[in-house]
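What follows is one structure encoded as structure tokens, with my remarks underneath.
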Amino acid sequence: MRPATWARLLRQGGWPDAGRLATAATVSLATPVNTLGAWTQQLIFRRRLAEAELHGPPVFIIGHWRSGTTLLHELMVLDERLSSPSTFQCFAPHHFLVSEWFFRRFATWLLPDKRPMDNMRAGWHRPQEDEFALLNLGLPSPYRRIAFPNLGPVDLDYLTLDDIGDEARGVWMASLRQFLNGVSVATGRPLVIKSPTHTGRIGHLAREFPEAKFVHITRDPRDLFPSTKRLWESLWEVQAFHHPSLEGLDEYVVDCFRRMYDGYFRGRPSLDASRLVEIRYEDLVESPTATLRHVYESLRLADFEPVRGAVEAWAEAEHRTYQPNRHRRDESSEAIIRDAWSDYFSHYGYE
């Protein structure tokens, strides 16, 4: 973040708790560095950024949090013909063109080996959610709640973009495109973009990127619900500037899901079959190669054969050792989500 964005977040969230002051101080010290980096990047890359375009139609991976979007993202970028925003690019969107090489070579120790909410690997070079880039650029995002969870839900209208007004939507889209163009300068290849928050925005994204393709992944809601609760608990515990209270977490998870899928089901009919494919997490885990082949063929992305070997090698080496977290299901939670998420249960065959 740059100083103005960080100051605005603090005004909205309040003073950090005593135990989180060191983290807040680190962020404060980094903000002028981000400004200097932004000036340097603009000085060196101004013309290239002004002329930058996407290298081919982007592919958006969408689906609720904890539905397997990260796993699918990791698998798709095994294809060396494709690329993706990296973790560093999303957390330093102002200056990654001039600084990423340094952090990837000398500052790998700043990140843990694995994500706090599951067993997926982490690192500056790993593919990441572009929503974090938009947040760090100062745009409204539901992810602002990660910093100050006790303030309650924020920016939930941005889960669909339906009710924010044409001007605000235009600013948001322009910022997204500018960031993706910058990533394209760095990679020179078509992008695979993943953010669960894009799920309810599908109609708006399809209009903004008329050649874009979409992969939507679903998962049994009885696993999604406890896994998403664990996600927020883990992020709030590790990254929040307040000691998190979990009051109202069940209602928050239910409400976000409802908003996202109201937007998804409104926007989905505007896409023809060649632009959208829907898969299930359970199938991806059981048969990663066959599921990826189905995605490639349905969206007419490219010949699958050049990447088949990499996917099979991953399945042999990684898939056998990867152990997803196990979540206990309880009857009260299932009753809540069966009522609130009934359309999802029935539409995707999780009855």
Side-chain angles (χ1 to χ4, degrees), residues 58-70 72-73 85 90 128-135 139-146 152-177 179-180 192-210 212-219 221 224-225 227-229 231-232 235 249-272 275-281 337 339-348 350:
V59 178
F60 287 88
I61 295 174
I62 56 176
H64 194 269
W65 296 285
R66 313 302 301 137
S67 62
T69 56
T70 297
L72 179 59
H73 202 194
C90 291
Q128 186 56 263
E129 294 184 38
D130 55 300
E131 186 76 17
F132 287 110
L134 301 178
L135 174 66
L139 293 174
S141 170
Y143 283 7
R144 285 199 297 119
R145 192 180 182 185
I146 296 173
V154 294
D155 297 330
L156 293 189
D157 286 347
Y158 280 80
L159 285 174
T160 65
L161 306 181
D162 289 341
D163 301 319
I164 63 173
D166 293 341
E167 183 178 355
R169 191 183 306 114
V171 170
W172 190 93
M173 284 292 182
S175 298
L176 173 62
R177 182 177 287 277
F179 170 69
L180 296 180
V192 180
I193 302 154
K194 185 273 286 194
S195 281
T197 44
H198 288 331
T199 304
R201 304 164 179 164
I202 185 171
H204 298 290
L205 291 169
R207 286 189 289 274
E208 177 69 20
F209 301 93
K213 312 281 188 174
F214 295 84
V215 187
H216 175 239
I217 185 169
T218 64
R219 187 181 184 184
L224 276 185
F225 185 75
S227 188
T228 304
K229 288 178 60 177
L231 165 70
W232 297 129
L235 288 175
L249 180 56
D250 286 13
E251 293 79 3
Y252 181 64
V253 173
V254 169
D255 186 39
C256 286
F257 187 104
R258 178 186 59 79
R259 289 172 181 265
M260 291 169 68
Y261 276 92
D262 283 351
Y264 178 74
F265 288 128
R266 281 195 302 271
R268 188 182 62 170
S270 64
L271 282 76
D272 61 51
R275 297 185 64 192
L276 172 66
V277 62
E278 296 185 318
I279 63 173
R280 292 162 56 109
Y281 169 80
I337 61 175
D339 178 55
W341 302 352
S342 58
D343 290 344
Y344 187 99
F345 267 101
S346 59
H347 189 88
Y348 294 111
Y350 289 109

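Numbering starts at 1 and runs along the sequence shown.
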(request) Return the minimal non-hydrogen interatomic distance between A340 and V254, and the atom names on each side. (result) CB-CG1, 3.5 Å
(message) Once rounded to the nearest 0.5 Å, what's the spacing between atom CD1 of I62 and atom NZ of K194?
(response) 12.5 Å
(message) Measuring only between side-chain heavy atoms, which start at C-beta, is L72 closer than 4.5 Å to V192?
(response) no
(request) Report the relative orientation of the aromatic rings in F265 and Y261; use parallel for angles under 30°, tilted for 30 to 60°, perpendicular for over 60°. (result) tilted
(message) For I193 and V59: C-alpha separation, side-chain torsions, deciding distance, then whether side chain to side chain contact (heavy atoms under 4.5 Å, CB included) applies.
(response) CA-CA 6 Å; I193 302 154; V59 178; over 6 Å; no
(request) Tell me, with the steps shown, if F225 and T228 meet side chain to side chain contact (heavy atoms under 4.5 Å, CB included). (result) CA-CA 5 Å; F225 185 75; T228 304; over 6 Å; no
(request) For P85 and C90, work out which heavy atoms get closest and say how close. (result) CB-SG, 3.8 Å
(message) Within the structure provided, determine whether D162 and D262 are in side-chain contact (heavy-atom separation under 4.5 Å).
(response) no
(message) How long is the straight-line distance from CZ of F214 back to CZ of F209, given to the nearest 0.5 Å?
(response) 8.5 Å
(message) Could you check whether Y348 and H216 have their ring centres less than 6.0 Å apart?
(response) yes
(message) Please report the interatomic distance CG(L134) to CE(M173), rounded to the nearest 0.5 Å.
(response) 10.0 Å
(message) Testing the basics here: between L156 and P142, what is the closest heavy-atom pair and its distance to 0.1 Å?
(response) CD2-CB, 4.4 Å
(message) Between Y344 and H64, is the ring centroid distance below 6.0 Å?
(response) no
(message) With a 4.5 Å cut-off on side-chain heavy atoms, are E208 and L205 touching?
(response) no
(request) Calculate, to the nearest 0.5 Å, the distance between atoms CG and CZ belonging to D157 and R259 respectively. (result) 6.0 Å
(message) To the nearest 0.5 Å, what is the distance between CH2 on W65 and CG on L235?
(response) 10.5 Å
(request) Taking the side chain as every heavy atom from C-beta outward, state whether R268 and L276 have any atom pair closer than 4.5 Å. (result) yes
(request) Quick one: closest heavy-atom pair of L139 and S175, and the distance? (result) CD1-CB, 3.3 Å
(message) With a 4.5 Å cut-off on side-chain heavy atoms, are T218 and H347 touching?
(response) no
(message) Heavy-atom count check: over 12 atoms from other residues, nucleotides or ligands less than 6.0 Å from D272 CG?
(response) yes
(message) Under a 3.5 Å distance rule, please check whether S270 uses its side chain to pair with a backbone N or O of G267 as donor and acceptor.
(response) yes
(message) A cation-pi test, strictly: NZ or CZ of R144 under 6.0 Å from the centre of the six-membered ring of Y158 and no more than 45 degrees from its axis. Yes or no?
(response) no
(request) Report yes or no: does R275 contribute a side-chain atom to a donor-acceptor pair with the main-chain N or O of A206 at less than 3.5 Å? (result) yes
(request) List the steps, then state whether side chain to side chain contact (heavy atoms under 4.5 Å, CB included) holds for I202 with F60. (result) CA-CA 9 Å; I202 185 171; F60 287 88; over 6 Å; no
(message) Going by side chain to side chain contact (heavy atoms under 4.5 Å, CB included), Y281 matches just one of I217, L224, T69. Which one?
(response) I217
(request) Measure across S141 and D155 and return the closest heavy-atom pair with its distance rounded to 0.1 Å. (result) N-OD2, 2.9 Å
(message) For the residue pair D130 / S195, report whether a side-chain donor-acceptor contact shorter than 3.5 Å exists.
(response) yes
(request) Run the numbers on Y143 and E129 for side chain to side chain contact (heavy atoms under 4.5 Å, CB included), then give the verdict. (result) CA-CA 11 Å; Y143 283 7; E129 294 184 38; 2.6 Å; yes
(request) Decide yes or no for I337 and F257: does some side-chain heavy atom of the first lie under 4.5 Å from some side-chain heavy atom of the second? (result) no
(message) To check you understand the geometry: which heavy-atom pair defines the closest contact between R219 and S67, and what is its length?
(response) CB-CA, 3.9 Å
(message) Rounded to the nearest 0.5 Å, what separates atom CH2 in W172 from atom CD1 in I164?
(response) 8.0 Å
